[in-house]
Amino acid sequence: MKTRKYSKYIVGIGASAGGLEAIHEFFDHMPASSNFSFVIIQHLSSDYKSLLVELVSKHTHMKVFEAEDNMTIQQDCVYVIPNNKLMTVVRGKLKLSVRSDVKSPNTAIDIFYRSLAKDQKEKAIAIILSGTGTDGTKGIEVIKEYGGMVMVQEPASAKFDGMPNHAISSGNADYILIPKNMPEELFRFVNEEPVNILKDGKIDEDQLDDIFRMVYRENGHDFNLYKTPTIVRRITRRMTDKNIRELHSYIEVLKKDPNEVKLLGNDFLIGVTRFFRDKPAFEILESRIIPEIISTKEDGSVLKAWVCACSTGEEAYTVAILLNKCVEISGKDIDIKIFATDVDAASLEIASSNRFPLNITEDVPREILRKYFNREHNHYSVIPAIRKQIVFAKHDVIKSPPFIKNDLITCRNMLIYMNNVLQKKI
């Protein structure tokens with residue numbers, strides 16, 4: 001089992017409680033000279049010195065190192081995060097920093113995956129093994145956003161299934177396997193000829209129209225004017241999952257299998273969102289746009305906002321928090337009403353439930369978290385006063401009439417995926 005010489009993948013292995021057995025099982029079945037590099041990020045107790053390097057060394061012929069700052073990642077080597085450290089990768093080098101607040105939720109896996117995705121893009125592979133909590137779930141979202149691959153331990157085989165279950169429920173797992181089967185799938189993944197449905201850099205428009213028509217009939221959503229690279233990536237992913245190499249063969253499958261059409265349509269509905277996503281934009285909203293709107297309002301008036309394509313709600317709650325913050329600063333008595341809409345009913349259900357994983361602390365500033373969120377066991381919820389201001393509703397902005405008389409409309413999650421014609425129409 002050898003990968004191609006030009007394959008240089010970095011594999012991040014995230015684990016927490018019960019993860020050691022899974023790590024051992026993985027490396028027992030992972031041969032050396034594999035042209036992979038491995039970085040293990042395990043939640044370790046600060047009370048004792050990690051023996052992980054010594055323990056992993058007994059299960060692999062590869063060299064195993066405790067990571068050091070500025071260490072270059074070499075192929076056929078394994079690197080282990082030190083105790084009480086956070087780790088990122090920049091230009092193929094590991095960077096370490098001190099984990100200052102050891103009492104807060106450990107998000108070392110998310111932090112590493114985000115940097116790995118941005119540094120290695122489609123050459124990034126993330127593996128989630130046994131553990132409690134949600135660390136890793138937000139990180140694999142970014143791995144997928146940059147074209148990488150995600151494996152998750154089969155929850156039934158995990159000593160603690162919290163991390164695997166949260167990762168799977170996010171919809172970002174490419175493979176769900178027991179640890180001993182992961183190495184074989186890794187080799188298969190990197191050795192397979194990538195599915196390429198483009199000819200001379202373009203997709204056959206007639207074939208694409210056939211796909212759009214079937215998706216429209218099954219899901220009721222028209223993707224005809226969405227940006228082609230995004231659509232191509234989603235079709236390619238479904239074809240890879242089905243082990244289909246030719247686009248015309250996949251179209252034949254779609255014609256015979258309505259469920260596959262539905263799954264493809266769901267994949268077209270991009271759901272990449274975070275609280276305060278792209279912070280500079282929200283800083284401008286808070287410092288310039290919202291105060292200007294408030295300056296035109298009198299006591300007793302209503303400020304209306306429409307968050308279009310709200311996905312799972314993070315953008316709507318972010319806008320609500322900023323509106324409340326700015327109104328409070330102004331000293332005015334203004335009611336806030338927010339309409340948050342999306343075409344995807346499943347995303348709206350998540351948004352309405354107002355339950356977010358503990359690792360949102362990476363995106364939400366501490367003072368905002370303290371003032372506008374409640375922590376409830378293993379999740380955060382936005383405070384009731386904010387939640388009551390938001391109405392979540394199903395709405396297709398391409399076909400349905402717009403909500404009118406708004407003071408503010410945001411649409412960050414959607415317009416970037418559409419071509420110029422559709423952007424102008426909207």
Side-chain angles (χ1 to χ4, degrees), residues 9-23 26-27 36-46 50 52-53 56 66-67 73 78-90 94-120 124-146 148-153 155 158-177 179 182 274 356-364 378-380:
Y9 291 82
I10 297 178
V11 182
I13 300 175
S16 182
L20 187 58
E21 294 91 333
I23 290 169
F26 174 86
F27 282 106
F36 292 99
S37 308
F38 298 92
V39 182
I40 299 173
I41 312 96
Q42 184 173 24
H43 296 169
L44 301 165
S45 168
S46 58
S50 171
L52 201 53
V53 171
V56 173
E66 183 170 80
I73 298 175
V78 182
Y79 302 86
V80 176
I81 190 171
N83 278 13
N84 289 333
K85 291 287 170 69
L86 297 174
M87 187 159 63
T88 56
V89 56
V90 179
L94 295 170
K95 304 288 183 181
L96 298 182
S97 59
V98 178
R99 183 170 169 247
S100 52
D101 188 359
V102 292
K103 292 182 180 178
S104 64
N106 194 335
T107 56
I109 300 169
D110 278 327
I111 288 168
F112 182 77
Y113 283 167
R114 284 178 173 179
S115 71
L116 180 65
K118 291 169 185 174
D119 196 64
Q120 299 295 314
I125 295 175
I127 296 178
I128 299 274
L129 300 177
S130 171
T132 58
T134 62
D135 194 19
T137 298
K138 286 289 185 186
I140 62 173
E141 185 179 291
V142 185
I143 292 278
K144 293 308 302 174
E145 195 176 338
Y146 280 84
M149 189 268 271
V150 175
M151 281 185 178
V152 178
Q153 182 173 359
K159 206 167 184 180
F160 295 90
D161 63 7
M163 275 171 46
N165 275 326
H166 277 99
I168 292 164
S169 65
S170 75
N172 290 305
D174 294 300
Y175 303 93
I176 302 166
L177 302 162
M182 289 178 173
R274 293 193 292 275
F356 297 99
L358 297 178
N359 55 15
I360 63 168
T361 52
E362 290 178 41
D363 300 315
V364 181
N378 63 345
H379 69 274
Y380 281 106

Legend entry - Residues Met149, Tyr175; criterion side-chain contact (heavy atoms from CB on, under 4.5 Å); working and verdict: CA-CA 9 Å; Met149 189 268 271; Tyr175 303 93; 3.6 Å; yes
Inset, instruction - Could you walk me through whether Lys144 and Asp174 pass side-chain contact (heavy atoms from CB on, under 4.5 Å), step by step? - result: CA-CA 9 Å; Lys144 293 308 302 174; Asp174 294 300; 2.8 Å; yes
Shortest non-hydrogen contact from [X] to [Y]?
X: Pro155; Y: Asp161; value: O-CB, 3.8 Å
X: Pro164; Y: Gly131; value: CD-O, 4.0 Å
X: Met87; Y: Ile111; value: O-CG2, 4.0 Å
X: Ile41; Y: Ile109; value: O-CG1, 3.7 Å
X: Gln153; Y: Ser130; value: OE1-N, 2.9 Å
X: Val142; Y: Ala117; value: O-CB, 3.6 Å

To the nearest 0.5 angstrom, please state how far the [atom1] atom of [X] sits from the [atom2] atom of [Y].
X: Thr132; Y: Asn165; atom1: OG1; atom2: CG; value: 12.0 Å
X: Arg114; Y: Thr88; atom1: CZ; atom2: OG1; value: 13.0 Å
X: Ile168; Y: Ile140; atom1: CD1; atom2: CD1; value: 9.0 Å
X: Lys95; Y: Lys85; atom1: NZ; atom2: NZ; value: 14.0 Å
X: Thr107; Y: Ile360; atom1: OG1; atom2: CD1; value: 12.0 Å

Checking [X] side chain against [Y] main chain: does a donor-acceptor pair fall under 3.5 Å?
X: Tyr113; Y: Ile127; value: yes
X: Asp110; Y: Lys138; value: yes
X: Ser37; Y: Ile10; value: no
X: Asp119; Y: Ser115; value: no

Inset, instruction - Evaluate the side-chain proximity of Ile40 to Phe27: yes if any heavy-atom separation is below 4.5 Å, no if none is. - result: yes
Legend entry - Heavy-atom side-chain contact between Ile128 and Met151 under 4.5 Å: no
Inset, instruction - Starting from the C-alpha separation in whole Å, work towards a yes-or-no answer on side-chain contact (heavy atoms from CB on, under 4.5 Å) for Met182 and Leu129. - result: CA-CA 11 Å; Met182 289 178 173; Leu129 300 177; 4.0 Å; yes
Inset, instruction - Determine, for Glu145 against Arg274, whether the closest basic-nitrogen to carboxylate-oxygen distance falls under 4.0 angstrom. - result: yes
Inset, instruction - Starting from the C-alpha separation in whole Å, work towards a yes-or-no answer on side-chain contact (heavy atoms from CB on, under 4.5 Å) for Val39 and Val89. - result: CA-CA 10 Å; Val39 182; Val89 56; over 6 Å; no
Under 3.5 Å, side-chain donor or acceptor atoms of residues 12-21 against the rest of the protein: list the pairs with distances, not counting sequence neighbours.
residue: Ser16; atom: OG; partner: His43; partner atom: ND1; Å: 3.2
residue: Glu21; atom: OE2; partner: Lys159; partner atom: NZ; Å: 3.0

Inset, instruction - Would you please classify the geometry between the Tyr9 ring and the Phe36 ring as parallel, tilted or perpendicular, with 30° and 60° separating the classes? - result: tilted
